[in-house]
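Okay, structure first, notes after.
Convention: sequence-line order gives letters A, B, ...; per-chain numbering from 1.
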Amino acid sequence: MSSLSIGPLIQLGYNSRRLPGNRIRKSIGIRADGFPASKDQQEQLNVSVLRFTFGIPGLDETYLPRWIGYGFGSLLLLNHFVGSDSAATSAQLRTEGLGLSLAAFSIALPYLGRFLKGATRVDQVALPEGARQIFVMSPAISDDEKEEFAWGSYVLLRNTNTVAVLISIQRELCVRGYWNVPYAEDAEKAPVLDWFQRQTENIGLGDLKDVLYFPQVPGSELWEMLPNGTRSLLVVPVLQSRDQSGNEIVKNRGFVMLASNIEYAYTEKDRAWIKVIANKFRDLPQVGEVFCNLDSIC
Amino acid sequence: MRGSMEAGTLLRGAIYWSFSSHSQRHLLQRARLRRDVLASSSNPQLQKSYQGPKPKRDLVPDWVSNNDSTARSLPIYVGGASLVAVLVNRAVSGIAPVADASSSQSRADLLALGLAVTSILTGLVWLTIKPKSISVVNPLGVECRMISSSHLPDPLIAELLWAWESLSSVTCCRCLVVVYDGTCILQIGVAAESPDGEAQAVDAARLTEGSVYQGVMKSGSQSYLANLSLYPGRSELPFLPSNTQAVILQPLGDKGIVIIGGDMIRGFTTADQAWITYLGEKLDATIAKHTISGTPLKIQDRV
């Protein structure tokens with residue numbers, strides 16, 4: 001990816017293993033497993049897990065109720081139209097009505113199950129097409145701040161379901177990931193940064209006070225810069241609650257925007273941690289603000 | 001707004017300047033004020049307030065998340081009720097309760113029964129992964145806030161305090177100890193009470209020689225003691241409150257360790273563990289950058 005040279009400052013040891021998801025695959029049939037297989041897969045829930053599985057790799061049994069719902073529902077309809085020679089009795093109609101509503105309920109079950117605590121995510125994550133992976137930062141920031149931005153964006157990309165991150169603090173940007181940038185691969189950084197700046201200003205993200213979370217992005221093109229295939233969006237404002245003299249004001253220092261290509265990508269816990277990472281940037285020295293005497297250049 | 005954009009582009013990297021007429025008046029008024037107050041007053045006039053779409057409230061996911069136990073048992077009730085309804089329907093309609101597929105009615109009944117059973121089984125699967133509610137155990141000890149501040153630069157102190165603030169707000173962490181290069185840099189949160197009523201200080205030398213530290217250093221990766229009372233090395237961590245429930249030991253490179261004590265058994269989730277690993281790496285990089293090696297940080301001030 002086109003990288004901004006930051007020098008040896010960003011030699012953080014990025015060798016930590018990504019703790020894998022909590023999927024436990026067992027053999028055919030129903031088994032009640034007392035304890036999970038290894039420490040890596042230890043769920044914080046730590047209860048005996050009943051899993052019904054065919055043992056076929058790649059087959060996701062979470063969606064089994066949905067397939068059964070479709071299958072039995074269509075069989076019911078088939079039975080209604082083709083099965084009998086005589087007209088359907090009212091008893092049959094009642095049964096079929098019940099059966100069809102049960103089928104609809106079964107189809108909805110995997111969707112409901114996603115929101116329960118302890119649900120595991122097994123969505124296939126496809127990288128967005130047509131979007132380029134970029135990594136640019138405003139040039140006018142100190143090395144310390146560059147390091148902070150680089151680390152923050154790295155952690156957010158690695159540890160959450162994010163494909164694109166944009167950090168804007170005091171109008172200094174750090175953009176990393178897959179973005180829909182209308183510039184060529186080898187374009188200069190400055191126009192790219194300016195373009196992002198204009199985009200965010202047009203949306204008006206500089207004055208956010210609350211966290212914006214779109215678990216299902218409305219419409220196909222929410223904002224122009226988002227990569228195709230964005231399904232969730234999270235914007236966390238970086239607020240400073242006290243100014244230097246200790247007075248209580250709420251000031252918007254900037255924001256952190258995360259885009260993901262799966263729906264409902266950020267759980268409550270994810271959002272809490274992302275807020276915490278965003279707060280790291282809160283304490284960066286006030287960049288770019290200079291007291292300009294009116295007599296000097298204006 | 002446009003004027004400010006042009007000016008900003010011209011002076012990019014040098015001075016960020018805004019001169020809409022409104023802010024000019026502000027500047028005239030506040031010409032003698034400090035620069036940060038100036039910045040805070042001039043910005044709101046320029047920032048457009050957010051005009052994009054607001055996220056709409058999703059009723060179903062919200063309901064499911066909020067009523068977890070009800071949602072888990074819902075399929076069982078639905079399935080059970082449907083089962084009963086099918087049988088009652090057969091009985092009421094005067095059809096013999098024989099499970100064969102001869103008539104269209106029977107076939108429809110069988111299919112409905114199959115769906116009801118699916119629903120019940122799904123409900124059972126959901127119930128088995130119901131999280132056990134674990135209660136919080138308040139740590140017994142003394143509030144402590146000790147930073148070896150004599151030689152630590154401000155950015156490092158800020159980062160350590162940020163780490164504490166993050167961990168205590170997001171996870172079940174109640175005490176945090178950072179030991180680096182044979183010295184305890186930070187001890188914050190609740191600490192065990194020493195005989196003289198103060199917080200028990202961390203004996204970094206003893207800790208570094210102990211098996212807990214050695215084990216973590218040797219493996220080089222995070223160690224999660226989900227239930228501290230079962231762990232024999234408990235005696236090597238006397239500075240933690242006696243009823244600390246869970247502990248995460250995160251190595252900082254090969255020179256230091258972060259000890260995070262929580263108030264709930266298995267209180268740290270897998271997500272927490274991953275984030276703490278990254279946090280440890282960041283702290284390691286920052287401490288290594290700011291610490292002058294060879295200068296032992298022996299003086300500990302209370303903050």
Side-chain angles (χ1 to χ4, degrees), chain A residues 12-13 16 19 44-47 49-50 52 65 68 72 75-76 79 83-84 91-92 94-96 98-99 102-103 105-106 109 112-113 115-118 139-140 151 155 159 201 203-208 212-214 218 243-244 251 269 272-273 276 280 283 286 288-292 294 298, chain B residues 13 15-17 19 27 31 35-36 38-40 47-53 55 58 61 64-65 68 71-72 75 78 82 85-86 89 93 104-105 107-109 111-112 114-116 118-119 122 124-126 128-129 131-132 158 162 166 170 266 269-271 273-275 277-278 281-282 285:
Chain A
L12 308 177
S16 61
L19 293 171
Q44 70 277 15
L45 309 170
N46 200 24
V47 293
V49 173
L50 190 74
F52 176 70
I68 292 181
F72 280 27
L75 283 176
L76 269 172
N79 184 49
S84 65
Q92 179 166 351
R94 280 198 292 268
T95 307
E96 281 172 5
L98 184 67
L102 267 179
F105 184 68
S106 291
L109 277 179
L112 291 179
F115 305 112
L116 294 172
K117 295 190 181 57
W151 175 79
V155 162
N159 217 17
E201 271 170 14
I203 302 168
L205 289 170
D207 200 29
L208 263 186
L212 279 184
Y213 178 38
F214 297 101
D243 68 359
Q244 296 223 344
K251 192 173 101 167
K269 185 125 250 201
W273 272 109
V276 145
K280 185 88 172 57
D283 298 324
Q286 314 215 1
E289 287 167 338
V290 178
F291 174 70
C292 181
L294 280 179
C298 294
Chain B
I15 300 172
Y16 166 69
W17 177 246
F19 59 98
L27 287 167
R35 63 183 190 195
D36 42 0
L38 167 69
S40 72
Q47 301 283 12
K48 234 162 70 166
S49 62
Y50 177 63
Q51 283 156 6
D58 268 336
V64 173
S65 314
D68 193 71
R72 277 185 200 276
V78 168
S82 320
V86 164
N89 184 42
S93 321
S104 148
Q105 165 78 32
R107 285 195 291 267
D109 279 338
L111 289 172
L115 283 168
T118 310
S119 187
T122 310
L124 282 176
V125 170
W126 284 4
T128 57
I129 40 177
K132 240 191 268 194
W162 166 79
S166 324
V170 180
R266 290 184 293 276
T269 66
T270 339
Q273 285 176 270
W275 283 105
T277 312
Y278 286 110
E281 285 171 359
K282 181 70 170 72

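Applying the side chain to side chain contact (heavy atoms under 4.5 Å, CB included) criterion to A/A272, with sequence neighbours excluded, gives B/V170. Not counting sequence neighbours, the partners of B/T122 by the side chain to side chain contact (heavy atoms under 4.5 Å, CB included) test are A/P65, A/L109, B/T118, B/W126.
When each of B/S82, B/S119, B/A158 is scored by its heavy-atom pairs under 4.5 Å with chain A, the top score falls to B/S82. Residue with the most contacts toward chain B among A/W273, A/F105, A/F72: A/W273 (heavy-atom pairs, distance under 4.5 Å). Heavy-atom pairs under 4.5 Å with chain B peak, among A/V276, A/I68, A/L75, A/L76, at A/V276.
The aromatic rings of A/W151 and B/W162 sit perpendicular to each other, their planes meeting at more than 60°, with 30° as the lower class boundary.
Contact record, A/G99 with B/A112: CA-CB, 4.1 Å, taken as the closest heavy-atom pair. What you find for B/A85 and A/L98 is that their closest heavy atoms are CB-CD2, 3.8 Å. Smallest separation of non-hydrogen atoms from B/K282 and A/K280: NZ-NZ, 4.3 Å. Taking both residues in full, the closest heavy atoms of B/A108 and A/E96 are given as CB-CG, 4.0 Å, listed atom of the first, atom of the second, then distance. Residues B/A116 and A/L102 share a closest heavy-atom pair of N-CD1, 3.7 Å.
Note that the CD atom of B/Q105 and the CG atom of A/N79 stand 9.0 Å from one another [nearest 0.5 Å]. Of the inter-residue distances, the one linking B/W275 atom CH2 with A/N159 atom CG reads 4.5 Å to the nearest 0.5 angstrom.
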